[in-house]
Amino acid sequence: MPELPEVETVCRGLAPVLSGQIIASVKLARPDLRFPLPDRFAQRLEGRRVRSVSRRAKYILAHLDDDSVLAMHLGMTGRFTIAAKDKAAPEPLGEYVYGHGADARHDHVVFRLKNGAVITYNDARRFGYMSLIASQDLAHDPFFANLGVEPLGDDLTPEYVAAKAAGRKSDIKAFLMDQRIIAGLGNIYVCEALYRARLKPTLPAGRLAARGAKPSDAARRLVPHIKAVLTEAILAGGSTLRDYQHTDGSSGSFQESFSVYGREGEPCLTPGCKGTVRRKTQGGRSTFFCGVCQRT
DNA sequence: AAGCGAACCTGGCTGC
DNA sequence: TGCAGCCAGGTTCGCT
């Protein structure tokens, strides 16, 4: 599962393959993923040209020439693989090869492009989903209407965080994972950002706000760390754990840079800190943190 | 309204 | 080897 950096990486893999190309056919292995696919899904896509590919939160958006948007979410185990078996395919497709370890039983949607490229959506747990939305309705679509700010955009500021957090009693970790506040953070990068900011994951979210809902020191410390950890992860091509791979089957490397995630029992990496990384369950998810240097 | 837990679904790993 | 149990990157739903 892909959090923002992984989705961004997949998006960058798909963009050059899809952009400007015409969808020749769409084959569905089943009528639903997490939710039923839209009515006449395949027919509505066939013959459409993809204008561009972008990302919003953890969604990949393919903008089509009939002013509709194909929105795709990878859930926990969704992945795209790209094949360019057609000899006539343009050069840039050459580096992509189909089928790195994906179990074909979970190939649910296959897009064939007019130029011969084949893009396959594989999702073992089927928590992913796809939707077709008219461009002008995107902002009101249930999937998108309540999304919070992009963490790498200018809207994520200590002031924004403080205003949203003021008075909240829930854990700072749950607050940061709430897509209605910040759209794109997930379990890994919240753990990593809290570690970098030296913030205890169980801190009440309200501590991000000082008097008058102004940013606290914690909020001023946290926001730059959120942006930094996401930016670094994107540069590394995301993190590769279990089910996630790039569209070309290769791996991201940011998991090698995790400071706390998945490091239960190992020494804290903070210079001079004698702590050990601990794991606890918050909201049904594992939180990794150092109980010694993540104090306030 | 906010804040929990459960549910969705499958596979991989651990330990008896 | 077999099998039960636990764990997994996300999101929605329904009940306090």
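Note that this is a predicted model, so its numbers are computed, not measured.
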Self-check item: A/Arg126 side-chain proximity, nearest of C/dT11, B/dC9, C/dC7
Solution: B/dC9
Quiz prompt | Residues in side chain to side chain contact (heavy atoms under 4.5 Å, CB included) contact with A/Arg263, at least two apart in sequence or another chain | solution = A/Glu266, A/Pro267, A/Leu269, A/Val277
Self-check item: Reference residue A/Asn187; test side-chain hydrogen bond (donor to acceptor under 3.5 Å, both in side chains); the match among A/Lys173, A/Glu192, A/Arg285
Solution: A/Lys173
For nucleotides 12-16 of chain C, print each protein N/O atom paired with a nucleotide N/O atom at under 3.5 Å, atom names and distance only.
| residue | atom | partner | partner atom | Å |
| --- | --- | --- | --- | --- |
| C/dT12 | O4' | A/Arg34 | NH2 | 3.2 |

Exercise. Can you tell me which stems involve DNA chain C, if a stem is defined as three or more consecutive Watson-Crick or G-U wobble pairs, both distances under 3.5 Å?
Key: B:2-8 with C:10-16, B:10-16 with C:2-8
Quiz item: Expressed in whole Å, how much space separates the P atoms belonging to C/dG9 and B/dG3?
Solution: 22 Å
Quiz item: Contact class for A/Arg279 (heavy atom, under 4.0 Å): base, sugar-phosphate, or nothing?
Solution: sugar-phosphate
Practice problem: Determine the Euclidean distance between corresponding P atoms of B/dA6 and C/dC6; express it in Å to zero decimal places. | Solution: 13 Å
Exercise. May I ask whether A/Phe127 stacks on the base of C/dT11, given the cut-offs of 5.5 Å between ring centres and 30° between planes?
Key: no
Quiz item: With respect to the phosphate group of C/dG9, does any side-chain polar atom (N or O) of A/Arg285 fall under 4.0 Å of OP1 or OP2?
Solution: yes
Quiz item: Can you check the A/Leu74 CG to B/dC9 P distance for me, whole Å?
Solution: 19 Å
Quiz item: Any salt bridge between A/Asp67 and A/Arg51, counting N to O under 4.0 Å?
Solution: yes
Practice problem: Rounded off to whole Å, could you give me the CZ-to-P distance for the A/Arg125 and B/dT10 pair? | Solution: 10 Å
Exercise. Please state how far atom CG in A/Asn187 lies from atom C1' in C/dT11, giving the value in whole angstrom units.
Key: 13 Å
Exercise. Would you please confirm or rule out a distance under 4.0 Å between OP1 or OP2 of C/dG10 and any side-chain N or O of A/His73?
Key: no
Self-check item: side chain to side chain donor-acceptor pair (under 3.5 Å) pairs, two or more places apart, involving residues 133-153 of chain A
Solution: A/Arg55-A/Glu150, A/Arg56-A/Glu150
Quiz item: B/dC9 and C/dG14: how far apart are their P atoms, nearest whole angstrom?
Solution: 15 Å
Quiz item: Rounded to whole angstrom units, what separation is found between the CE atom of A/Met76 and the C1' atom of B/dC8?
Solution: 11 Å
Could you pull out the protein-nucleic contacts involving nucleotides 3-6 of chain B (nitrogen or oxygen on both sides, under 3.5 Å)?
| residue | atom | partner | partner atom | Å |
| --- | --- | --- | --- | --- |
| B/dG3 | OP1 | A/Lys169 | N | 3.0 |
| B/dG3 | OP1 | A/Ser170 | N | 3.2 |

Quiz item: Are any of A/Gln179's side-chain N or O atoms less than 4.0 Å away from OP1 or OP2 of C/dT11?
Solution: yes
Practice problem: For A/Phe144, check ring-ring contact (aromatic ring centres under 6.0 Å, His included) against everything at least two apart and list the hits. | Solution: A/Tyr59
Exercise. Let me know the distance between NZ of A/Lys173 and P of C/dG9, rounded to the nearest Å.
Key: 8 Å
Self-check item: d(OH, A/Tyr189; C1', C/dG10) in whole Å
Solution: 15 Å
List the atom pairs, with distances to 0.1 Å, where a side-chain N or O of residues 198-205 of chain A and a protein N or O form a donor-acceptor pair under 3.5 Å, not counting sequence neighbours.
| residue | atom | partner | partner atom | Å |
| --- | --- | --- | --- | --- |
| A/Arg198 | NH1 | A/Tyr195 | O | 2.6 |
| A/Arg198 | NH2 | A/Thr270 | OG1 | 3.3 |

Quiz item: Does anything in residues 198-239 of chain A pair up under ring pair (Phe, Tyr, Trp, His ring centres under 6.0 Å), and if so which pairs, sequence neighbours excluded?
Solution: none
Exercise. Kindly check if the number of other-residue, nucleotide or ligand heavy atoms within 6.0 Å of CZ (A/Arg211) is above 12?
Key: no
Quiz item: Among pairs that include at least one residue of residues 275-296 of chain A, which meet ring pair (Phe, Tyr, Trp, His ring centres under 6.0 Å), considering only residues two or more places apart or in two chains?
Solution: A/Tyr261-A/Phe288
Quiz item: Would you say C/dT11 has OP1 or OP2 under 4.0 Å from some side-chain N or O of A/Lys58?
Solution: yes
Quiz prompt | Those residues that, when tested against A/Phe127, pass ring-ring contact (aromatic ring centres under 6.0 Å, His included) (two or more places apart) | solution = none
Exercise. Please name all residues satisfying salt bridge (Lys or Arg N to Asp or Glu O under 4.0 Å) with A/Arg295, sequence neighbours left out, ordered by chain then number.
Key: none
Quiz item: Has A/His106 got a side-chain N or O lying under 4.0 Å from the OP1 or OP2 atom of B/dC9?
Solution: no
Can you give me every donor-acceptor pair (side chain of residues 161-171 of chain A, partner residue at least two apart or in another chain, under 3.5 Å) with its distance?
| residue | atom | partner | partner atom | Å |
| --- | --- | --- | --- | --- |
| A/Arg168 | NE | A/Lys164 | O | 3.1 |
| A/Asp171 | OD2 | A/Gln282 | NE2 | 2.7 |

